[in-house]
Number of protein chains: 2
Amino acid sequence: MIFTTKAEYGVRLLVELGRQERSAPVSLKVIAEAEALPLAYLERIVALLKRAGLVESTRGAHGGYRLARPAAEIRMDDAVLALEGVVAPMSCFVDDRVDGRVLCSHLDDGHHGCGTRLLWMRVQGGVVDALRRTTLQELVDFAAREPQIAAPVAEDGRLPLRVA
Amino acid sequence: MIFTTKAEYGVRLLVELGRQERSAPVSLKVIAEAEALPLAYLERIVALLKRAGLVESTRGAHGGYRLARPAAEIRMDDAVLALEGVVAPMSCFVDDRVDGRVLCSHLDDGHHGCGTRLLWMRVQGGVVDALRRTTLQELVDFAAREPQIAAPVAEDGRLPLRVA
DNA sequence: CTAACTCCGACCTCGTTGGTAGGATTCGCT
DNA sequence: AGCGAATCCTACCAACGAGGTCGGAGTTAG
């Protein structure tokens, strides 16, 4: 699998926040129940988003989180970067920010250059591209008009954050 | 990291085979030394390529491996599929071959559909696309005209498979 | 017959993933 | 003032997969 649950849960969390665009802050407890995710784990994940400036928090009673800026201005490459760290196809890919190029550390290991570099660069390009051209707003809209397969609302007592 | 060393080593191995297009079979030992990879581990990796029909083997003395078809006809999506198994961005992605669609298992978990599906589908599309439009031949050519950073030939006693 | 190979399965070690536990701290409310 | 709801923070932990080793058995040219 390419991404871990950090990305999965983190993006889900962002989508939930995106539905309540800029209203009162939403507590993690509510989100955890709505998405059926472990609260304690979510706490650690949302910390990543906060450090990246994608999310704001207010502490104390009736506190919670909300988006730091409109969903349309949150690109998913920022989100995933914050959640997963650098997205690279192989461990030998280091992004050296000096000249902005991504290079493969196998280059300097003696023999002919790493024959796989071209491939991994294309793959990484594909991923980064897909992430960058997707905004949180799109995901929110997409989730909203999702076809409901069955039993749309909570037969197990869970509450959707919002019905539509 | 997106891919494991299986993909890395496996593709490297294919590139090495690609350089000797259809000559006598090359033994793993030679490749292992040329690429500085563990022989025993390579054995298991090449088995994956063989099962996928990308590589042929001849046993016994002076045996070894060679490409089952011309490098230009080997697409990297086949290679990576053989090496890594299905490439999916998340564990919830199952590719059900009945109708050819890729779907997310979170769809049937009650509430509103998985808000992240659109994103992961785009990402997967980007990866698969990059893999499919890259042939082994391209990698062989690319590796051949690699700029040598320094000390091109073996100061540590390792032999390049071919000087080029 | 033996050296050089491919083939195969069991085993092992280490780091990461995905959590949990337990507590501070900060605030609204009464 | 004080309680409860929330964010914050660190430490801990079990399970799993990644990456690799080992030992051997089957095959074949010289």
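Keep in mind that what you see is a predicted model, and the values were worked out from it rather than measured. Per chain, numbering begins at 1; letters A, B, ... match sequence-line order.
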Counting side-chain heavy atoms from C-beta on, which of [options] comes nearest to [X]?
| X | options | answer |
| --- | --- | --- |
| B:Tyr41 | D:dT28, C:dG18, D:dG20 | D:dG20 |
| B:Pro38 | D:dT21, D:dA5, C:dT17 | D:dT21 |
| B:Arg44 | C:dT26, C:dC29, D:dG19 | D:dG19 |
| A:Thr4 | D:dA6, C:dT6, C:dG18 | C:dG18 |
| A:Glu43 | D:dA11, D:dC8, D:dG4 | D:dC8 |

Test item: A:Glu84 side-chain N/O and A:Ala7 main-chain N/O as donor-acceptor pair under 3.5 Å:
yes
Would a distance-only check, ignoring hydrogens and angles, find a side-chain to backbone donor-acceptor pair under 3.5 Å from A:Gln20 to A:Pro25?
no
Please report the distance, rounded to the nearest Å, between [atom1] in [X] and [atom2] in [N].
| X | N | atom1 | atom2 | answer |
| --- | --- | --- | --- | --- |
| B:Met1 | D:dG19 | CE | P | 11 Å |
| A:Leu42 | C:dA21 | CG | C1' | 17 Å |
| B:Leu39 | C:dC5 | CG | P | 10 Å |

In Å and rounded to the nearest 0.5 Å, what is the OH to CG distance from A:Tyr65 to A:Leu28?
5.0 Å
Which residues satisfy the ring pair (Phe, Tyr, Trp, His ring centres under 6.0 Å) test with B:Phe3, sequence neighbours excluded?
A:Trp120
Rounded to 10 degrees, the angle between the two terminal axes of the helix from C:dC1-D:dG30 to C:dT30-D:dA1, each from five pairs
10°
Is the shortest heavy-atom distance from the side chain of B:Gln137 to the side chain of B:Asp141 under 4.5 Å?
yes
Could you tell me whether the side chain of B:Arg59 has a donor or acceptor atom within less than 3.5 Å of a complementary atom in the base of D:dT27?
no
For [N] and [X] - does any side-chain N or O of the residue sit under 4.0 Å from the phosphate oxygens OP1/OP2?
| X | N | answer |
| --- | --- | --- |
| B:Ser57 | C:dT6 | no |
| A:Thr58 | D:dA6 | no |
| B:Lys50 | C:dC7 | yes |
| A:Tyr65 | D:dC8 | yes |
| A:Tyr9 | C:dG19 | yes |

Looking at A:Arg12 and A:Glu16, is any side-chain nitrogen of the basic one under 4.0 Å from a carboxylate oxygen of the acidic one?
no
Give a yes or no on whether a salt bridge exists between A:Glu138 and B:Arg122, defined as a side-chain N under 4.0 angstrom from a carboxylate O.
yes
Which residue lies more 5' along DNA chain D, comparing A:Gly60 with A:Ala40 via nearest heavy atoms:
A:Gly60
